[in-house]
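These numbers come from a predicted model, not from an experiment. All chains are named by letter (A, B, ...) in the order of the sequence lines, taking the proteins before the strands, and each is independently numbered beginning at 1.
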Amino acid sequence: MAHKLVIVESPAKARTIGGYLGQGYVVESSIGHIRDLPQSAADTPAKIKDKPWGRLAVDVDNGFEPFYVVPRDKKSHISKLKTLLKDADELYLATDEDREGEAIAWHLLDELKPKNIPVRRMVFHEITKPAILAAAENPRELDMDLVEAQEARRILDRLYGYEVSPVLWKKVMSGLSAGRVQSVATRLVVDREKERMAFKAASYWDLEGSFDAGSGADVRMFPAKVYSVDELRVARGSDFTDAGVLKDSAAGKVVHLDRPRAEALASALADTRFDVRSVEAKPYRRSPYAPFRTTTLQQEASRKLGMSASVTMSVAQRLYENGFITYMRTDSTTLSGGAVEAARSQVRELYGAEYLPDAPRTYASKVKNAQEAHEAIRPAGETFRTPGQTGLTGEQFRLYELIWMRTVASQMKDATGQSVTIRLGGAAATGEDVVFSATGRVITFHGFLKAYVEGTDDGKRSDDSETRLPQLAEGAAVTAASVTADGHETKPPARYTEATLIKELEDREIGRPSTYASIIGTILNRGYVYKKGTALVPAWLAFSVIRLLEEHFPRQISYEFTAVMEDVLDEIAGGRADRNSELAKFYFGTGDVEGLKTLVDELGDIDARDNATFPIGGADSGIQLRVGRYGPYLETVSKDGEDDDGNATGKRANVPDDLPPDELTLAKAEELFKNPAGEEIELGSHPDTGLQVVAKNGRFGPYVTELLPDDAKKGTKPRTGSLFKSMSLDTISLEDAVKLLSLPRVVGADPESGDDITAQNGRYGPYLKKGTDSRSLASEDQLFTITLDEALKIYAQPKQRGRAAAAPPLKELGNDPVSGQPVVVKSGRFGEYVTDGEYNATLRKDDSVEAITLERAAELLAERRERGPAKKGAKKTAKKATAKKATAKKSTAKKSAAKTTAKKAAKKSTAKTSAAKKS
DNA sequence: CAGTGAGCGAGCTTCCGCTTGACTT
């Protein structure tokens, strides 16, 4: 039976709209984008892999043609849509009416390829029955200019991300990333930290008085602060620069009180009679806040409910899917007509008509690049459920309540009242004329504040706070109950939190509602930033990355880059600019501006070593910080203290993981050299030597060592020993440590050669050593238990065979159709792989030992074979390798364990495989 | 950054934006 197929983006939306359209329509969703540039090498089709631009999947030399693929997890969904399309007599592409939505519609069209049926583009901005029916009646055509604008955005982001990230792999650390959005977000955090590092606190004093208005006053006691001394205003925090000195604008106009002066004044005012010099009353008026959009919801959920951006979004997602709220990824503050009515009727019911403005309030978008494909975030439906009526609990309840209150409040009247400033003056015993100032606020009509008060980030006073002052007339006499001197220091700018960083990004038009939460996730995952409480602290790694980007990609990492890009995209969407020429400007450059490609090609200019080095406490301090593979460390430098390679030959000291950069002062650095960081766990003194035994985390993982006395002979090295796999730093005992330090153990002498056979723990695990001949041991315990006889038995066997039997393949799959050889799955240094004895192919991300079939294995092997034995006689090596491979088995497991510990040791940063490789 | 002996499948990492389940505990 024929139907009209309508495709929207979200399944929840499809359900709702399906209900409105009724019979004759089938409403399905695309579940977001259905095609994209291939994300990784595994997803890149073989036919473009070999092209010079294959890695980018954009043919930069031929019109920046993108090569799209349907991601694996979308394939079945596409078949489902194709099936539905077979029985359809009309196709409605009803994705969002913004750049991305238009592109999704075009991708659907291009991928589904409907034949001989009309295709229409249907758009709507609110999900109500009349709006949907009207939209179905008034379809339009696909806007190809808008699609081109989206492609330009997509391709630019790909080129930026996939060209600049590899620069970081080469020059900073493997696995890092750069991008139009994340790099600027990281830069914001780094720049803020730099401001904090450069900040010098200024100290200033003032006077705090408690005044008595007399027994007849409506408010008797009230506080006031000193305002001026001899008509010069007393300096406050905002009069100082970040360098800790008075601003030019304040010079000559303020008096900067220090402690002696403030204390002298305070005591000279003890018996002073004050009179009211002026009373100034101003009306106070506050309008309600606009309904929530994604960023404001994230900020308020953070301030009021303590939710991270990602938690907020997933709770909101559940509320949306279950029909409690409208869509949560939006940059619009607009309410539909029905929503305004629903809010107004709840104002009337819950607060009374006096809280309801005569006309509905409307909120224009403050977001400059807003695309307004959705409504504001509000309770769903034409009438709002109060939180109590929803039956929700926990986080969902609290978030719903927040959204509900904000929405209702947005349709309430302004709050009004009065703010009053009273100035009191008197003469100090020492002769100065001193004026105090008190400010109060009284709210006479709370209006929307009755329903909702926005939170603050930095303890500023909230919109509903009140301070009452007495009714005083000019000239009235007032006495001071007490005057005390009060010391203050200016504070450095606060670090960003998730919520404030997101706000900053939105203000700068960077990122979109669907990505704000994940931007935070990206910079955390890369190890650029870590959280200390709610504050975002940049790692030194981020300083290194941002320095490289600032020096070599200044335009791309500028704060204005995205805003400028948005303007260009608008031009493309309006048909006034051309996609290809704009991309060419970005990638190849223009006459006066270098393009991205040129910058990347000039990579050789970047000195990775310099880029990772930061002087501490000025260039001549003799101490520098370096960002190393295992995290940041300090190094002493002297002018000529470098070897031929420019390596500093000085001392080194670790920097603790959680030491924020702005706390690493020169003094702190010197302290770290004295008391090397890295938790040292004291285990007690050694029963034989009496030396202190400690456990530490080192570059090869946890180990124990003994502390030599300061007067130890030069050249004596402390004994050390790695912890066994079964031990941990938290639980290790002195006995364990003593045993570890006793290694290597002499098992006995080889009767043939007379050489000692020793048992010791090494890089590849426990092993026996006799001269230069070594044999691995099966377990660490054997180090202590193995007897000479057993050791000799092990040595009696040839090296390889001893371990060959212990390494069977994980799975046998049958014979390869090409080579005819048996294909087996094995586990190796680099993970699981399949081999036919000649070629080896690593399993890809989506493969598993359990699920892999012979077909898939053959596919992987065929791919591998296609690349051929590219490297130095790989064929031979491969063969040889296979013969010996089994012997590598045991140690491989060990190695990957070492990898894990190295990773942990390498700070929270993402020291990828390279870390383990080097060690 | 604690110097610890073999011989050993390389290949991939990465962007931004639009959307949900699929996983396991």
Side-chain angles (χ1 to χ4, degrees), chain A residues 9-12 29-34 36-37 39-42 55-56 73-74 77 95-96 98-101 103-104 150 153-154 156-166 168-169 174-183 317 321 329 511-515 518-519 522 526 628 630-631 633 635 652-654 676 678 696-701 703 705 717-722 744 760-764 767-769 772-776 799 826 828-831 833-835 839-842 844-845 864 871 874 877-878 880-882 884-885 887-888 891-892 895 905 910 912-914:
Chain A
E9 280 171 50
S10 138
S29 64
S30 70
I31 324 182
H33 273 293
I34 56 142
D36 193 11
L37 299 172
Q39 185 256 329
S40 65
R55 198 176 48 81
L56 303 169
D73 60 340
K74 280 283 169 66
H77 191 68
T95 49
D96 296 345
D98 57 15
R99 211 159 56 207
E100 298 296 328
I104 292 172
Q150 191 275 345
R153 198 279 307 156
R154 179 69 190 90
L156 181 144
D157 281 333
R158 166 53 61 98
L159 297 175
Y160 190 136
Y162 278 38
E163 288 284 23
V164 181
S165 297
L168 299 181
W169 304 343
S174 181
L176 296 180
S177 62
R180 172 175 57 84
V181 173
Q182 60 168 291
S183 294
Q317 174 87 28
E321 283 169 5
R329 291 185 274 263
R512 301 282 311 138
S514 64
T515 61
S518 60
I519 294 163
T522 300
R526 295 280 171 273
Y630 310 107
Y633 61 93
E635 194 173 67
R652 290 177 172 183
N654 248 328
K696 288 161 97 170
N697 228 331
R699 121 186 203 221
F700 308 119
Y703 69 103
T705 186
K717 279 182 182 153
R719 295 184 293 173
T720 62
S722 279
Q760 51 199 298
N761 209 6
R763 179 174 171 197
Y764 308 108
Y767 69 105
L768 293 171
K769 189 176 170 182
T772 55
D773 193 8
S774 66
R775 293 285 194 283
S776 280
K799 226 171 179 178
K826 296 199 166 189
R829 269 194 302 166
F830 306 115
Y833 64 102
V834 291
T835 175
Y839 284 97
N840 305 309
T842 309
R844 301 291 156 81
K845 230 188 306 185
R864 176 68 191 81
K871 281 178 202 164
T877 342
K880 203 171 104 196
T882 326
K884 287 189 177 173
K885 175 163 29 184
T887 69
S891 55
T892 348
K895 178 112 187 182
T910 48
K912 289 275 160 71
T913 47
S914 60

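Rounded to a whole Å, the CG atom of A:Leu37 is 13 Å from the P atom of B:dC16. Distance CD (A:Gln760) to C1' (B:dA6): 13 Å, rounded to an integer number of Å. Atoms CZ (A:Arg526) and C1' (B:dT14) sit 7 Å apart, rounded to a whole Å. Atom pair A:Gln150:CD and B:dG17:P shows a separation of 11 Å (rounding to whole Å applied). Atom C1' of nucleotide B:dT13 and atom CG of A:Leu56 are separated by 14 Å, given to the nearest angstrom. Between the CG atom of A:Leu768 and the C1' atom of B:dA6 there is a distance of 14 Å, rounded to whole Å. Rounded to an integer number of Å, the gap from A:Asn761 CG to B:dT4 P is 11 Å. At whole-Å resolution of the value, CG in A:Asp36 and P in B:dC16 are 12 Å apart.
Put simply, A:Tyr633 does not rest on the base of B:dC1: the two rings are not both less than 5.5 Å apart at their centres and under 30° in tilt.
A salt bridge links A:Glu100 with A:Arg153: the closest approach of a Lys/Arg side-chain nitrogen to an acidic carboxylate oxygen falls below 4.0 angstrom. We find that A:Lys74 and A:Asp36 are not joined by a salt bridge, their nearest charged nitrogen and carboxylate oxygen being 4.0 Å or further apart.
The two residues A:Pro744 and A:Gln760 come nearest to each other via the heavy atoms CB-CB, 3.6 Å. What you find for A:Asp96 and A:Glu9 is that their closest heavy atoms are N-OE2, 2.8 Å. Nearest heavy-atom pair across A:Tyr160 and A:Ser183 is OH-CB, 4.2 Å. Counting all heavy atoms, side chain and backbone alike, A:Ala103 lies closest to A:His33 at CB-CE1, 4.4 Å. The nearest pair of heavy atoms linking A:Ser165 to A:Ala178 is OG-N, 3.0 Å. Listed here is the closest heavy atom pair of A:Tyr633 and A:Gly628: CE2-CA, 4.0 Å.
Each of A:Ser165 and A:Ser722 was matched to the nucleotide of DNA chain B holding its nearest heavy atom; the match closer to the 5' end belongs to A:Ser722. Remark on DNA chain B: of its neighbouring residues A:Gly511 and A:Arg55, the 5'-side contact belongs to A:Arg55, judged by nearest-heavy-atom nucleotide.
Between the A:Arg719 side chain and the A:Thr705 main chain, no donor and acceptor come within less than 3.5 Å of each other.
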**Prompt:** Stepwise, does the side-chain contact (heavy atoms from CB on, under 4.5 Å) test hold for A:Glu163 with A:Arg55?
**Reply:** CA-CA 9 Å; A:Glu163 288 284 23; A:Arg55 198 176 48 81; 3.4 Å; yes
**Message:** Evaluate A:Val181 against A:Thr515 for side-chain contact (heavy atoms from CB on, under 4.5 Å), listing each step before the verdict.
**Reply:** CA-CA 10 Å; A:Val181 173; A:Thr515 61; 5.6 Å; no
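Scanning DNA chain B for stems, defined as runs of 3 or more consecutive Watson-Crick or G-U wobble pairs whose donor-acceptor distances all fall under 3.5 Å, gives no such range.
Interatomic distance, A:Ile34 CD1 to A:Ile104 CD1, rounded to the nearest 0.5 Å: 8.5 Å.
Among the protein residues, A:Ser177 comes within range of the sugar-phosphate backbone only, with heavy atoms under 4.0 Å from sugar or phosphate atoms but none that close to a base. As judged by a 4.0 angstrom heavy-atom cut-off over every strand, A:Pro166 is placed among the base-contacting residues. When heavy atoms are screened at a 4.0 angstrom cut-off, A:Tyr160 is found touching no nucleic acid atom at all. The residue A:Arg99 sits apart from the nucleic acid: no heavy atom pair falls under 4.0 Å.
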With 3.5 Å as the limit, what N/O pairs link the protein to nucleotides 18-20 of chain B?
from, atom 1, to, atom 2, distance (Å)
B:dC18, OP2, A:Ser514, OG, 2.6
B:dC18, O5', A:Ser514, OG, 3.4
B:dC18, O3', A:Glu9, OE1, 3.1
B:dC18, O2, A:His33, N, 2.5
B:dT19, OP1, A:Tyr327, OH, 2.5
B:dT19, OP2, A:Tyr327, OH, 2.6
B:dT19, OP2, A:Arg329, NE, 3.0
B:dT19, O5', A:Tyr327, OH, 3.3
B:dT19, O4', A:Gly32, N, 3.3
B:dT20, OP1, A:Ser10, OG, 2.6
B:dT20, OP2, A:Gln317, OE1, 3.4
B:dT20, OP2, A:Gln317, NE2, 2.9
B:dT20, OP2, A:Arg329, NH2, 2.8

I'd like a table of atom pairs between the protein and nucleotides 23-25 of chain B - only N or O on both sides, under 3.5 Å - with the distance next to each one.
none

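Here the nucleotide nearest the side chain of A:Tyr162, chosen from B:dC12, B:dT14, B:dG17, is B:dT14. Side-chain proximity of A:Val181 to B:dC15, B:dC16, B:dA6: nearest is B:dC16.
Proximity of A:Arg719 to the phosphate of B:dA2: no side-chain N or O atom is located under 4.0 Å from OP1 or OP2. Look at A:Gln182 and you'll find a side-chain N or O under 4.0 angstrom from OP1 or OP2 of B:dC15.
Between A:Gln182 and A:Ser177, the closest side-chain pair of non-hydrogen atoms falls below 4.5 Å.
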